[in-house]
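This report concerns only the one structure given below.
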Amino acid sequence: QVQLAESGGGLVQAGGSLRLSCAASGRTFSRYTMGWFRQAPGKEREFVAAINWIGGSTYYADSVKGRFTISRDNAKNTLYLEMKSLKPEDTAVYFCAARSAISSGSLYATGEYDSWGLGTQVTVSS
């Protein structure tokens, strides 16, 4: 499995921006489809965005479409999530996750991902 470590979270005012990073180590990063998920207090972990192994295909939850951008740099073994026009409802712990590029299950399901980071807190104040 690949080891993942998120960074870049913090406190930001509504309308502001943050860029999350996820550093991968241990296995060949380019063999993995990568995703971002988030979990707010008292809620289930939910899908935010995903990107295929080469970065040519991206997928977003409706709630973040047009505001968030997922990208990856396979040379740096790093996944990114650029977040703009942040809203208080974006407040959550954000997790990056990895699954084999050849997996065929749903990109949107937490159970389809094999490796997870510990998360980074994002708090958006109103």
Side-chain angles (χ1 to χ4, degrees):
Q1 290 185 338
V2 63
Q3 287 77 49
L4 304 171
E6 303 92 339
S7 62
L11 174 64
V12 63
Q13 288 188 335
S17 301
L18 279 176
R19 188 194 198 199
L20 305 184
S21 299
C22 173
S25 61
R27 302 293 291 268
T28 305
F29 181 62
S30 61
R31 293 181 179 176
Y32 294 89
T33 293
M34 300 298 297
W36 285 100
F37 290 76
R38 66 187 182 187
Q39 188 166 17
K43 296 187 177 182
E44 293 187 353
R45 193 169 299 188
E46 64 174 7
F47 171 81
V48 174
I51 187 168
N52 74 338
W53 70 277
I54 201 171
S57 297
T58 56
Y59 310 84
Y60 296 95
D62 288 343
S63 59
V64 306
K65 203 171 293 183
R67 299 188 298 121
F68 290 11
T69 302
I70 189 172
S71 62
R72 67 191 296 165
D73 186 336
N74 286 347
K76 295 183 178 180
N77 290 347
T78 304
L79 175 73
Y80 302 100
L81 185 68
E82 189 78 39
M83 305 186 294
K84 298 180 179 180
S85 301
L86 282 161
K87 305 175 182 180
E89 50 264 43
D90 294 319
T91 295
V93 177
Y94 283 71
F95 300 89
C96 64
R99 64 177 230 173
S100 171
I102 62 173
S103 294
S104 58
S106 172
L107 283 170
Y108 306 94
T110 58
E112 294 295 331
Y113 289 78
D114 306 307
S115 300
W116 293 83
L118 296 179
T120 185
Q121 176 71 46
V122 172
T123 303
V124 184
S125 63
S126 57

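In what follows, residues are counted from 1 in the order of the sequence shown.
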[X] side, atom [atom1]; [Y] side, atom [atom2] - distance, nearest 0.5 Å:
| X | Y | atom1 | atom2 | answer |
| --- | --- | --- | --- | --- |
| Ser30 | Asp73 | OG | CG | 11.5 Å |
| Thr78 | Leu20 | OG1 | CG | 13.0 Å |
| Gln3 | Ser115 | CD | OG | 7.0 Å |
| Cys22 | Leu4 | SG | CG | 4.5 Å |
| Asn74 | Ile54 | CG | CD1 | 8.0 Å |
| Arg67 | Ser17 | CZ | OG | 10.5 Å |

For a quick test of reading the model, state the closest non-hydrogen atom pair linking [X] to [Y] and the distance between them.
| X | Y | answer |
| --- | --- | --- |
| Tyr113 | Gly35 | CE2-N, 3.9 Å |
| Ala24 | Phe29 | CB-CD1, 3.4 Å |
| Ala14 | Ser126 | CB-CA, 4.3 Å |
| Gly119 | Val93 | CA-CG1, 3.8 Å |

Q: Decide yes or no for Glu6 and Leu79: does some side-chain heavy atom of the first lie under 4.5 Å from some side-chain heavy atom of the second?
A: no
Q. Does the side chain of Gln121 come within less than 4.5 Å of Thr91's, by heavy atoms?
A.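 SC-SC contact between Thr91 and Gln121 confirmed.
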Any side-chain to backbone donor/acceptor pair from [X] onto [Y]? Under 3.5 Å, distance only.
| X | Y | result |
| --- | --- | --- |
| Arg99 | Gly105 | yes |
| Thr58 | Ile51 | no |
| Arg72 | Asn52 | yes |

Q: Quick one: do Arg45 and Trp116 satisfy side-chain contact (heavy atoms from CB on, under 4.5 Å)? Show the steps, please.
A: CA-CA 12 Å; Arg45 193 169 299 188; Trp116 293 83; 3.3 Å; yes
Q | For Glu82, all residues meeting side chain to side chain contact (heavy atoms under 4.5 Å, CB included), sequence neighbours excluded | A |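 Listed in chain order: Arg19, Thr69, Lys84.
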**Q.** Pair Tyr32-Asp114, side-chain contact (heavy atoms from CB on, under 4.5 Å): steps then yes or no
**A.** CA-CA 10 Å; Tyr32 294 89; Asp114 306 307; 5.6 Å; no
Q: With Val64 as reference, evaluate Leu81, Leu86, Ile70, Val48 under the side-chain contact (heavy atoms from CB on, under 4.5 Å) test and give the passing residue.
A: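 Looking at Leu81, Leu86, Ile70, Val48, the match for Val64 under the side-chain contact (heavy atoms from CB on, under 4.5 Å) is Val48.
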**Q.** All pairs passing ring pair (Phe, Tyr, Trp, His ring centres under 6.0 Å) where residues 38-79 contributes a residue, at least two apart
**A.**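 Qualifying pairs, neighbours excluded: Phe37-Phe47, Phe47-Tyr108.
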**Q.** Shared hydrophobic cluster, Val2 / Met34 (ILVMFWY, side-chain heavy atoms < 4.5 Å)
**A.**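 Yes; tracing contacts between hydrophobic side chains, which count when under 4.5 Å, links both residues.
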(Q) Checking Arg38 now: which residues fulfil salt bridge (Lys or Arg N to Asp or Glu O under 4.0 Å) with it, not counting sequence neighbours? (A) Glu46, Asp90
(Q) Please determine whether the number of non-hydrogen atoms from other residues, nucleotides or ligands lying under 6.0 Å from atom NZ of Lys65 exceeds 12. (A)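 For Lys65, atom NZ is crowded (more than 12 foreign heavy atoms under 6.0 Å).
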